[in-house]
> 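Structure in structure tokens, see below.
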Amino acid sequence: MGSPLRIVNGRVYDPANGVNGAVQDVCVRDGKIVADVPPDAKRIDAAGMVVMPGGIDIHCHIAGPKVNLARKVQPETHQDDVQLRTRLTRSGTGGTVPSTFATGYRYATLGYTTAMEAAVTPLGARHTLEEFHDTPVLDKGFFVLVGNNLLLYRLLQEGRREELRHALAWWLKVTKAYAPKLVNPGGDEMWKGQRNANITSLDDKIGSFDLTPRRVIAAFIEAGNELGLPHPVHIHCNNLGHSGNVETTLETMRLAEGRRAHIAHIQFHSYGAAAGKSQSNPTSRARDIIEYINTHPNISADVGAVMFGPATIMTGDAPLAYMLRRFGGNKWVNADTENESGCGIVPFRYQDRVYTNALQWAIGLELLLLSEDPWRMVFSTDHPNGGSFMSYPRLIRLLMDRGYRKEQMAHVNQKALDRSALRDCQEREYSLSEIAIITRAGPARLLGLTDKGHLGVGADADVTIYEEDEDKEKMFSAPRYVIKDGELIIEDHELRADHQGRLLHVAPDYDPQIEQVIEPFFEDFYTIRFANYPVDDRYVPNGQIIPTTPSVAAAPATAGTRT
Amino acid sequence: MGENLKVVRDATCTFCGCVCDDMHLTVDLDQKRIMKAENACILGKAWFREHGIEERPLALIGGRTATTEEAVEAAAQILAQARFPLIYGLSDTTCEAQRVAVAIADMIGGTVDTTTSVCHGPSGIAFEGVGESTASLGEIKNRADLVVFWGGNPAEAHPRLFSRYAVTPKGMFIPNGRKDRTVVLVDVRRTPSTPAADIFIQVKPRSDFEVLWALRALVKGRKVDPSIERRTGVSLAVLEDLVARMKSCRFGVFLFGMGLTMNRGRHFNSGALLALATDLNEFTHWVAKPVRGHGNVTGADNVVSWQTGFPFGVNFSRGYPRFNPGEFTSVDLLTRREADAALIIASDPADNFPKAAIEHLRRIPVITLDPKATPTTQLAQVAFTTATYGINVSGTVYRMDDVPITLRPAFESPYPSDEQVLTAIRDRVRALLGGNRLPAGAPVAAAS
Amino acid sequence: MAEIMTLIGGRSSKQGTTLCASKLGAAYAEISSTLEMNVEDMARLGLSNNSKVRLRTPAGEAILRCKGRETKDLPPGILFMTYGPLSSQLMAGDTAGSGMPISKNLDVEVEPVRDENGP
Amino acid sequence: MTLTLTLRTAPTVPLEADVLSPDRLSGVSALEAAKLTVVHGNQRADLGEFFQVGGAADGELHLTGDLAQVKQIGTGMARGRIVVHGSVGMHLGAGMTGGEIVVEGDAGDWVGPEMSGGRIVVKGNAGHMLGSARRGSQIGVRGGEIVVFGNAGNEVGNGMRRGLIAIGGDAGDFAGVNMLAGTIVVLGRLAWRAGAGMRRGSIISMHPAELLPTFSYACDYAPEFLRVCLRHVRGLGLTIADSHVNGRYQRWCGDGIELNRGEVLILDSAGTASRS
């Protein structure tokens with residue numbers, strides 16, 4: 001937990017508490033922010049520096065089965081980007097999919113202290129937790145894939161909505177997940193069961209099931225809201241990456257009907273099609289998307305910005321990865337998980353001269369620059385899909401420095417800029433406070449993490465101190481100090497300690513009767529025994545349950561809507 | 001049979017990569033023996049029955065009985081002093097132990113390699129070149145209507161691959177089980193697996209690559225000369241028939257074995273098969289799976305990968321992980337007489353490595369962790385007796401399809417686990433070195 | 001007298017069950033020193049079941065006892081043995097940059113051993 | 001004046017001496033050179049612990065002794081010359097962009113991986129992955145020349161994109177595998193599966209070779225580029241007969257699985273190529 005600490009003379013950005021650059025002390029003791037510490041407490045003189053809560057990545061891919069496949073398939077990207085061991089810390093390798101130790105240390109060296117792995121198969125939960133064990137510094141959680149789950153489909157198909165909710169709660173709890181995740185609902189069944197087909201609209205029939213993505217999405221939004229999860233259903237919409245997908249995205253958001261829903265990496269879902277042709281090059285429809293979000297407070301999103309350079313497409317959306325494989329050279333990985341999910345991986349490179357890549361870059365910036373509520377349109381690159389998390393400082397500079405942005409716009413494919421509205425939002429520059437919102441306070445609020453993303457008394461003592469610099473990329477690349485749970489992890493830009501972060505997860509109540517429904521399905525269609533499926537506490541040496549606030553009773557289930 | 005019996009339900013067999021987790025074990029707690037292993041195959045039955053507690057010393061140093069503590073000290077001294085130590089094995093132990101083994105390699109600046117390098121290591125290299133379309137075993141059970149075994153003998157090495165996962169079981173979209181599937185077996189000889197197949201294709205030894213390459217060409221609609229039969233022993237008609245079946249099935253799977261990896265062509269054989277599966281996805285859904293031998297060799301691949309970025313053959317001598325099969329793999333390090341010490345965990349290279357490699361093992365200080373005496377423990381300077389994973393030790397193992405499973409041990413062992421011994425060694429080495437050994441050099445200048 | 005044949009190393013279920021008991025016992029030693037050979041090849045070389053044969057490669061040599069297999073099961077010119085201490089004697093250490101020594105389809109010289117004591 | 005290094009203490013475990021590159025040693029005295037860091041297994045050592053160093057560096061380096069355990073010599077070198085009077089270990093001239101390395105003896109695996117310029121001459125035999133892409137990488141040699149007087153192992157020129165590899169003796173399996181372009185000349189025997197997966201580029205063999213079923217015979221011809229190429233190779237010291245220079249070659253196109261724009265040229269007098 002480290003010794004008591006007083007940070008003095010720094011300009012504090014704590015938007016959740018209305019602090020906007022005021023010079024004030026921040027005190028830390030026993031891993032928490034406190035009102036005061038004894039006068040002999042260690043002091044950090046933060047004169048000329050900016051003090052913020054630790055960064056929070058609401059959507060990234062850093063651990064678990066697909067991440068490890070993506071690591072393994074790219075040895076050539078590791079060899080030239082290495083993480084040396086020190087007396088205290090472990091070695092590792094980088095590239096767009098770093099090893100676990102490198103992931104933790106590198107996030108920390110950017111001032112991030114919390115990250116959410118955004119797509120884990122339930123069967124892969126144990127694997128993900130094993131990797132988390134070896135991912136230092138960060139507090140972590142993961143979103144569990146439920147949107148292509150065949151048992152849940154069966155319940156939904158039969159109209160057993162209450163049981164669906166209990167089963168969802170069961171799955172969240174036994175996998176130690178943080179939130180439910182939908183990825184391209186219905187797509188996996190088309191992919192695996194229908195000769196590599198895909199979903200093209202919310203009203204497509206899902207393979208042999210009497211279901212549509214529309215029904216699936218609506219049901220999960222409802223169930224998630226009823227369970228009162230700290231973070232609502234996290235949705236990767238259908239048609240990711242396709243020209244004209246904006247209509248699907250808008251339609252998906254409308255399905256929430258005023259209930260909470262989070263749309264993931266929305267940049268990838270904001271494409272128009274020239275003259276209504278779906279096969280044409282995409283155009284930007286960022287305006288329509290952001291206008292909807294600006295006017296619908298129930299909806300939140302992370303941007304999924306793109307940065308030029310190497311990336312790894314790594315997604316539960318297997319048909320998408322298959323489509324992209326012809327752009328990625330020779331390598332393509334596909335991995336199907338029984339009854340639960342699919343997955344695709346393709347090494348990728350965004351190039352500023354390529355029309356589509358430049359358009360994607362522009363849309364990411366557009367969405368952020370047109371956003372009226374930074375609390376609901378937060379920062380991400382869908383690491384490593386839109387680019388590595390190591391590109392965050394450059395993206396922050398693009399938001400904060402219009403001169404730099406203009407200069408960069410001159411280098412990219414101009415036709416793409418013609419089809420975007422980026423030139424119309426040239427004036428806006430993000431303030432430090434707004435950056436603090438989209439990279440920490442906003443994600444914390446959207447995740448329902450009340451002890452994070454702010455520096456009020458009682459908050460987790462996750463603090464980042466940056467040296468002020470005109471060059472915002474430089475400033476955000478290497479904080480002078482990073483404090484995690486009250487411990488000084490980075491001092492004078494260097495790793496000074498190792499630290500094991502926490503697992504953040506939920507444990508919603510469910511009617512135990514639901515196990516009688518789930519177990520027979522396991523007997524028939526899984527290859528792992530029902531008794532061996534739940535992840536036990538040994539995998540969570542340092543866990544924290546974030547409470548839920550259900551709007552309906554968890555148990556006992558009524559006979560309800562069973563048909 | 002003693003009075004003190006207990007039944008452990010849903011225990012896991014770690015004999016092979018199938019890692020079946022439906023064992024119901026009847027355990028005699030007085031005798032410390034497993035009397036019955038319901039659902040186990042012939043290999044699993046032997047695995048459970050033969051792993052009683054043997055009367056063996058906790059440790060041997062230079063052949064003399066020692067305490068575990070003394071042996072930890074001796075092992076730590078060897079590892080702290082070595083300049084090019086090799087840590088090898090790890091496929092028959094838990095991920096928890098594997099994790100510590102990699103940590104030791106990192107700390108001392110050694111090399112960590114696993115039995116993968118002499119198993120599906122070539123498939124790992126192939127994966128790095130072309131990727132892979134793969135699936136968990138349940139997808140095969142639920143969906144696969146065309147199952148192709150290539151270069152393996154599951155009837156003898158993985159019996160329940162047939163009965164639990166890939167041939168006879170009924171699945172969601174395979175309601176009639178065996179009847180709904182076509183099974184093809186490709187091998188150089190008839191084996192006890194052959195009768196399980198609808199179609200047996202016998203290829204001439206060392207011609208798998210040519211057969212696979214011809215299939216790729218046919219799948220892509222290219223012409224293949226009938227002379228293919230002279231080289232491979234397989235007629236063009238047979239290949240064309242197979243291609244037609246592969247393109248028209250709904251969900252096809254290749255399950256391939258060491259007939260490809262241990263053979264001339266090695267990683268290119270595996271790569272050709274993985275590429276063929278990729279090509280076939282233009283037409284219908286296809287996956288490919290290397291069939292893995294040891295109970296947790298897949299866990300070793302995963303742990304080494306997430307900790308270092310590379311699956312096996314990883315060297316830390318410069319202070320960061322480097323991967324290069326042929327340079328940092330065990331057979332090479334030993335055959336070239338480079339390793340100056342070896343820590344061997346749950347493996348028996350002295351039984352199956354090439355002669356020249358075994359000879360080098362006799363020259364250098366070797367530390368072993370094994371529940372049983374083996375040719376390798378016999379040549380060791382320091383030999384620990386450890387408890388058997390899955391039977392006495394809990395922890396995590398990964399099935400051949402990367403699905404992690406937690407073990408349910410049957411009874412306690414008087415011997416420590418691999419993880420406990422390795423942790424003690426790690427802590428002692430750390431004390432001797434004053435923390436991790438500092439990197440010996442800067443990264444090698446980028447090669448381009 | 002010596003002929004060149006192709007040796008396949010592999011595993012068998014009997015080997016698998018035996019190694020669980022002990023790798024130092026007689027049963028394991030017997031299994032790993034048995035060579036399966038085509039019966040016609042055996043006849044030509046004047047071998048019968050349990051005869052001793054010497055296998056030789058550039059890496060080393062080993063003496064095994066042979067066991068006949070019909071042509072439909074094992075084609076002429078192909079030999080099979082399980083991995084173990086004797087197959088190790090025949091394997092070369094060069095892995096051609098793969099980490100994997102060639103352990104299947106080795107070219108071996110096969111030569112009957114005339115043993116004063118044995119058949 | 002050149003810098004001379006003579007091995008006097010053999011390393012007990014592999015020695016990584018990427019510092020042995022003319023660019024890095026430019027202007028360095030013998031005394032200074034002896035203090036440069038090499039990596040001996042997992043520990044640092046001074047170059048002088050292993051080598052007797054004399055002269056001064058002016059762009060040329062002479063190494064003497066059995067350096068089979070010494071890896072990474074000439075890594076990333078851009079100019080100057082290294083002469084090895086003896087054999088060398090792995091990764092000779094890794095990623096080099098210019099200059100010349102001459103080895104009087106044998107070289108280990110991975111000679112010139114992903115080099116883009118300069119020349120490596122090995123008078124003895126070379127190991128596997130001569131002029132090859134690193135594992136996982138799609139692109140191998142991007143330029144420059146590698147000449148081996150003796151034999152080379154498997155995967156010669158894996159993923160090669162430009163440049164020339166010439167082998168006086170035999171080449172192992174998968175020569176020119178996944179080649180993108182460039183030229184590989186093998187005067188001895190070409191082993192199995194040459195050119196598997198090649199897209200473009202030329203593999204020249206002076207002996208009959210068994211080709212993959214995805215290679216197809218196109219024509220017999222006497223390509224002008226080959227005459228130029230072979231005369232050049234002759235200039236590099238390999239024995240090229242006039243019958244090679246003036247001969248007709250069978251042109252086999254492949255790999256049919258890929259673009260089919262690569263070629264294997266087989267000297268006609270060598271007899272008909274046999275097809276698998």
Side-chain angles (χ1 to χ4, degrees), chain B residues 15-16 42-43 45-47 49-51 113 116-119 121-122 125 151 153 155-157 159 188-192 202 205-206 258-259 261-264 266-267 293 312-313 324-332 334-336 348 350-358 372-375 378, chain C residues 5-25 27-29 32 36 38 57-62 69-75 77-80 82-107:
Chain B
F15 180 81
C16 83
I42 178 174
L43 299 166
K45 285 196 161 71
W47 167 254
R49 283 207 193 124
E50 301 292 353
H51 274 91
D113 187 34
T116 283
S117 69
V118 293
C119 157
I125 297 171
N153 179 9
E156 291 201 83
V188 295
R189 63 178 181 124
R190 295 184 80 86
T191 67
Q202 188 161 6
R206 290 180 283 219
M258 252 139 277
T261 62
M262 290 181 165
N263 194 355
R264 188 164 168 182
R266 299 175 174 99
H267 43 290
F312 62 94
N324 195 20
E327 182 175 10
F328 302 128
T329 31
S330 303
V331 168
D332 306 271
L334 295 171
T335 301
R336 283 198 305 265
D348 189 15
D351 181 60
N352 53 38
F353 269 19
K355 180 183 170 186
I358 297 171
K372 290 186 181 286
T374 69
Q378 285 192 316
Chain C
M5 295 191 190
T6 301
L7 174 68
I8 302 169
R11 287 192 279 169
S12 72
S13 52
K14 199 163 170 204
Q15 178 200 30
T17 55
T18 311
L19 67 81
C20 287
S22 173
K23 272 194 165 170
L24 302 173
Y28 185 76
S32 51
E36 294 181 21
N38 178 276
T57 67
E61 62 176 62
R69 297 285 305 270
E70 297 298 324
T71 299
K72 69 175 172 51
D73 295 327
L74 197 64
I78 309 282
L79 308 168
F80 175 82
T82 62
Y83 297 126
L86 293 184
S87 63
S88 289
Q89 296 298 310
L90 303 169
M91 284 158 59
D94 179 19
T95 74
S98 71
M100 170 67 84
I102 293 286
S103 17
K104 288 190 193 288
N105 303 330
L106 295 172
D107 283 332

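Throughout, protein chains are lettered first and strands after them, A, B, ... in sequence-line order, and every chain is numbered starting at 1.
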> At a 4.5 Å cut-off on heavy atoms, which part of A373(B) comes close to chain C: side chain, backbone, both, or neither?
both

> Restricting to non-hydrogen atoms, name the atom on Q378(B) and the atom on L24(C) that form the minimum distance, rounded to 0.1 Å.
OE1-CD2, 3.5 Å

> Looking at S98(C), S103(C), S22(C), which makes the most heavy-atom pairs under 4.5 Å with chain B?
S98(C)

> Are the side chains of T6(C) and R206(B) in contact, using a 4.5 Å heavy-atom criterion?
yes

> Could you tell me which portion of A21(C) (side chain, backbone, both or neither) has an atom closer than 4.5 angstrom to a non-hydrogen atom of chain B?
both

> Do I358(B) and S88(C) come close enough that some side-chain heavy atom pair is under 4.5 Å?
yes

> Closer than 4.0 angstrom, basic N to acidic O: yes or no for R336(B) and D94(C)?
no

> With respect to P101(C), which candidate in N352(B), V331(B), T335(B) satisfies the side-chain contact (heavy atoms from CB on, under 4.5 Å) definition?
V331(B)

> Looking at side-chain heavy atoms only, is the closest gap between M258(B) and K104(C) below 4.5 Å?
yes

> I'd like to verify something: which residue of H267(B), K355(B), Q202(B), K45(B) has the highest number of heavy-atom pairs under 4.5 Å with chain C?
K355(B)

> Of the non-hydrogen atoms in R11(C) and G293(B), which two are nearest, and what is the gap between them?
NH2-CA, 3.6 Å

> Which answer fits P122(B), side chain, backbone, both or neither, if we ask what part of it has an atom under 4.5 Å from a heavy atom of chain C?
side chain

> So for I42(B), is it side chain, backbone, both, or neither that comes closer than 4.5 Å to the heavy atoms of chain C?
both

> What I'd like to find out is whether the side chain of M100(C) reaches to under 4.5 Å of the side chain of T261(B), using heavy atoms alone.
yes

> Looking at side-chain heavy atoms only, is the closest gap between T17(C) and L43(B) below 4.5 Å?
yes

> For G93(C) versus D332(B), what's the shortest heavy-atom pair and its separation?
O-OD1, 4.4 Å

> Sequence neighbours excluded, which residues qualify as ring pair (Phe, Tyr, Trp, His ring centres under 6.0 Å) partners of F80(C)?
none

> Check whether C119(B) gets within reach of chain C through its side chain, its backbone, both or neither, counting any heavy atom under 4.5 Å.
backbone

> Which atom names give the shortest non-hydrogen contact between V118(B) and G99(C), and what distance separates them?
CG1-O, 3.9 Å

> Taking every non-hydrogen pair under 4.5 Å, which of K372(B), R189(B), R264(B) racks up the most with chain C?
R189(B)

> Rounded at 0.5 Å granularity, tell me how far OG1 in T95(C) sits from CD in E327(B).
11.0 Å

> Go through L19(C) and E50(B) one step at a time and tell me if the side-chain contact (heavy atoms from CB on, under 4.5 Å) criterion holds.
CA-CA 9 Å; L19(C) 67 81; E50(B) 301 292 353; over 6 Å; no

> For M262(B) and Y83(C), work out which heavy atoms get closest and say how close.
SD-OH, 2.8 Å

> Considering only heavy atoms from C-beta outward, does the side chain of I8(C) approach that of V188(B) to under 4.5 Å?
yes

> Relative to chain C, which segment of F15(B) carries a heavy atom at a distance below 4.5 Å: side chain, backbone, both, or neither?
side chain

> Are any non-hydrogen side-chain atoms of R266(B) and I102(C) less than 4.5 angstrom apart?
yes

> Might you point out which heavy atoms bring S13(C) and E156(B) nearest each other, and give the distance in Å?
N-OE1, 3.0 Å

> What I want to find out is whether K23(C) reaches D348(B) closely enough, with some N-O distance under 4.0 Å, to be called a salt bridge.
yes

> Please tell me if the side chains of R49(B) and C20(C) come closer than 4.5 Å, counting only heavy atoms from C-beta onward.
no

